[in-house]
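Letters go in sequence order (proteins before strands), and every chain restarts at 1.
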2 protein chains.
Amino acid sequence: MSASPERREELLATAAEVFAAQGYNATTVRKIADAAGMLAGSLYYHFDSKESMLDEILSTFLDELWARYDAVLEAGLGPRETIEALVTESFREIDQHRAAVAIYQKESRHLQTQPRFAYLADSQARFEKAWLGTLERGVATEVFRADLDIRLTYRFVRDTVWVAASWYRPGGQHSAEEIARQYLSMVLEGIALRE
Amino acid sequence: MSASPERREELLATAAEVFAAQGYNATTVRKIADAAGMLAGSLYYHFDSKESMLDEILSTFLDELWARYDAVLEAGLGPRETIEALVTESFREIDQHRAAVAIYQKESRHLQTQPRFAYLADSQARFEKAWLGTLERGVATEVFRADLDIRLTYRFVRDTVWVAASWYRPGGQHSAEEIARQYLSMVLEGIALRE
DNA sequence: CTCCTTCCCTAACAAGTGTTTGGTAGGTTA
DNA sequence: TAACCTACCAAACACTTGTTAGGGAAGGAG
């Protein structure tokens with residue numbers, strides 16, 4: 001009936017790895033069970049469906065992400081410092097929840113249509129509001145360029161950060177903070193040499 | 001036995017739309033047939049498997065992409081002009097083969113492992129060689145910044161371009177060339193206001 | 001020892017999967 | 001008219017899918 005929370009988390013972690021590597025639909029419960037060293041049916045002692053595993057992975061990821069984002073947004077920083085902090089927190093999140101982020105990237109678009117995953121659309125809306133608002137504030141205070149389509153800029157900044165989840169591996173030669181620093185340097189200053 | 005090439009292309013186009021919207025594994029042959037206004041079995045008059053549809057979509061896409069890239073790379077342009085031309089051609093490709101690009105983005109990573117799709121890995125290697133080489137040339141000739149990790153820069157430029165396929169819709173308010181121009185401006189000059 | 005809980009296995013289920021086989025309406029060719 | 005080809009349908013196939021039901025080993029509690 002009831003299962004220990006530690007075992008749940010273990011199984012969710014391995015499930016997330018398989019989901020991230022193979023894609024949710026391509027992942028069978030038997031593959032997850034294999035990776036966990038048990039049989040398919042045994043998973044249903046801990047979870048009541050494959051979909052609820054995905055749900056739990058994504059919702060706990062988003063909960064933690066927003067805890068970090070809210071802390072940044074409520075700190076009263078300037079536009080540029082806010083962007084820097086949001087990007088840095090994003091890379092930290094990628095560092096610690098790489099699999100969940102990769103799943104979110106791949107699956108959230110078509111999951112949003114299902115009622116069960118409506119919170120993905122809500123989160124995306126808050127996401128857009130936070131980033132777009134900060135960018136607009138930066139344009140108004142002459143911190144960011146005014147000659148760019150701001151919506152395009154938003155997508156640009158957002159995507160450059162989160163696609164990193166598709167290639168980033170923790171324990172590589174760059175730390176999350178170092179990658180954030182270089183990304184910010186590219187996004188803010190550009191890659192062309194100034195004379 | 002044999003089918004007309006025009007009908008094949010029609011069916012491949014609708015199949016690509018469904019693959020891009022739902023993901024390859026989540027797309028059943030019955031859904032493709034539905035979208036094409038026929039029954040599942042009828043698809044096998046034109047194609048010998050679902051996988052060969054995917055194969056044909058991706059390989060024809062890559063063939064056309066490389067025809068464009070090779071033309072740019074053989075033009076003898078400077079590093080900055082080469083990057084600009086590659087980015088512009090990429091956005092034109094996204095404009096004209098949005099579905100194929102979206103599929104490539106989503107599925108190529110785990111398809112590469114299958115022998116049938118080994119050409120995806122080959123293409124990615126050529127891809128990296130072309131972009132990395134141009135960036136290195138730019139650093140050597142003092143056109144691009146030398147203080148950045150060049151491999152990180154490569155992933156940055158590559159990703160910022162191709163993720164656009166996930167939200168770009170042809171016929172929007174910006175043309176492919178206009179988006180390319182703004183993207184290049186952000187990547188090269190940065191989004192921060194210079195004083 | 002006995003009871004109970006935790007955690008997993010064995011074995012099956014119904015539904016959905018990609019694919020095949022045989023047939024057939026309609027047009028083209030001879 | 002007769003033979004033929006194109007493009008599809010109808011119905012089934014073997015297999016995989018997520019999920020369920022009953023059982024049992026291990027270990028702690030009384």
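- Annotation: salt bridge (charged side-chain N to carboxylate O under 4.0 Å, His left out) contacts involving residues 19-47 of chain B, sequence neighbours excluded, are absent.
- Per the geometry, CZ belonging to B:Phe47 stands 12 Å off P belonging to D:dA7, to the nearest Å.
- Atoms CG (B:Leu11) and C1' (D:dC8) sit 11 Å apart, rounded to a whole Å.
- Between B:Tyr44 and C:dT20 there is no side-chain N or O to OP1 or OP2 distance below 4.0 Å.
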Only distances under 3.5 Å count here; give the side-chain donor-acceptor pairs of residues 99-106 of chain A to other protein atoms, sequence neighbours excluded, each with its distance to 0.1 Å.
{"residue": "A:Lys106", "atom": "NZ", "partner": "A:Ala20", "partner atom": "O", "Å": "3.0"}

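- The main-chain N or O of A:Asp149 is found under 3.5 Å from a side-chain atom of B:Gln182 such that the two form a donor-acceptor pair.
- For the segment residues 24-33 of chain A, the set of residues with a heavy atom within less than 4.0 Å of an atom of DNA chain D comprises A:Thr27, A:Thr28, A:Val29, A:Arg30, in numerical order.
- For C:dC8, one of the phosphate oxygens OP1 or OP2 lies less than 4.0 angstrom from a side-chain nitrogen or oxygen of A:Arg7.
- The phosphate of D:dA7 (OP1 or OP2) has a side-chain N or O of B:Tyr45 nearer than 4.0 angstrom.
- Here salt bridge (charged side-chain N to carboxylate O under 4.0 Å, His left out) pairs that include residues 152-173 of chain B, with residues two or more places apart or in two chains, number zero.
- Side-chain proximity of A:Met38 to the nucleotides C:dT20, C:dC8, D:dC9 is greatest for C:dC8.
- Among residues two or more places apart in sequence or in another chain, the ring-ring contact (aromatic ring centres under 6.0 Å, His included) test is passed with B:Trp167 by none.
- How far OG of B:Ser49 is from CG of B:Leu43: 11.0 Å, rounded to the nearest 0.5 Å.
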Measure all distances between protein nitrogen or oxygen atoms and nitrogen or oxygen atoms of nucleotides 23-27 of chain D, and list the pairs falling under 3.5 Å.
none

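- Distances were taken from every side-chain heavy atom of A:Ser42 (C-beta onward) to each of C:dG18, D:dC8, C:dC8; the shortest belongs to C:dC8.
- Of the possible polar contacts, none joining the B:Ser123 side chain to the B:Tyr119 backbone as a donor-acceptor pair under 3.5 Å is found.
- When rounded to the nearest whole Å, the span between CD of A:Glu6 and C1' of C:dT6 equals 13 Å.
- As rounded to whole Å, 18 Å separates atom P of C:dT21 from atom CG of B:Leu39.
- Axis deviation across the helix from C:dC1-D:dG30 to C:dA30-D:dT1 amounts to 10°, comparing end segments of five pairs, rounded to 10 degrees.
- Sorted by first and then second residue, the pairs that involve residues 179-189 of chain A and meet salt bridge (charged side-chain N to carboxylate O under 4.0 Å, His left out), not counting sequence neighbours, are A:Arg80-A:Glu189, A:Glu178-A:Arg181, A:Glu189-A:Arg194.
- Sorted by first and then second residue, the pairs that involve residues 11-25 of chain A and meet salt bridge (charged side-chain N to carboxylate O under 4.0 Å, His left out), not counting sequence neighbours, are A:Glu17-A:Arg98.
- Atom-to-atom, CG of A:Asp34 to P of D:dT17 comes out at 11 Å; the value is rounded to the nearest Å.
- Residues from residues 109-119 of chain A that place a heavy atom under 4.0 Å from any atom of DNA chain C: there are none.
- With sequence neighbours left out, the salt bridge (Lys or Arg N to Asp or Glu O under 4.0 Å) criterion links B:Arg137 to no other residue.
- Taking the side-chain hydrogen bond (donor to acceptor under 3.5 Å, both in side chains) definition, one finds that B:Ser90 meets it with B:Tyr69, sequence neighbours left out.
- Checked for salt-bridge contact, B:Arg151 and B:Glu128 meet the test: a charged N lies under 4.0 Å from a carboxylate O.
- By the 4.0 Å N-to-carboxylate-O rule, A:Arg68 lies too far from A:Asp63 to be salt-bridged with it.
- As a whole-Å value, the separation of A:Lys50 NZ from D:dT17 C1' is 8 Å.
- Computed from coordinates, the A:Arg8 CZ to C:dT6 P distance equals 14 Å when rounded to whole Å.
- No donor-acceptor pair closer than 3.5 Å links the side chain of A:Lys129 to the backbone N or O of A:Gln124.
- The side chain of B:His46 places an N or O atom within less than 4.0 Å of a non-bridging phosphate oxygen (OP1 or OP2) of D:dC8.
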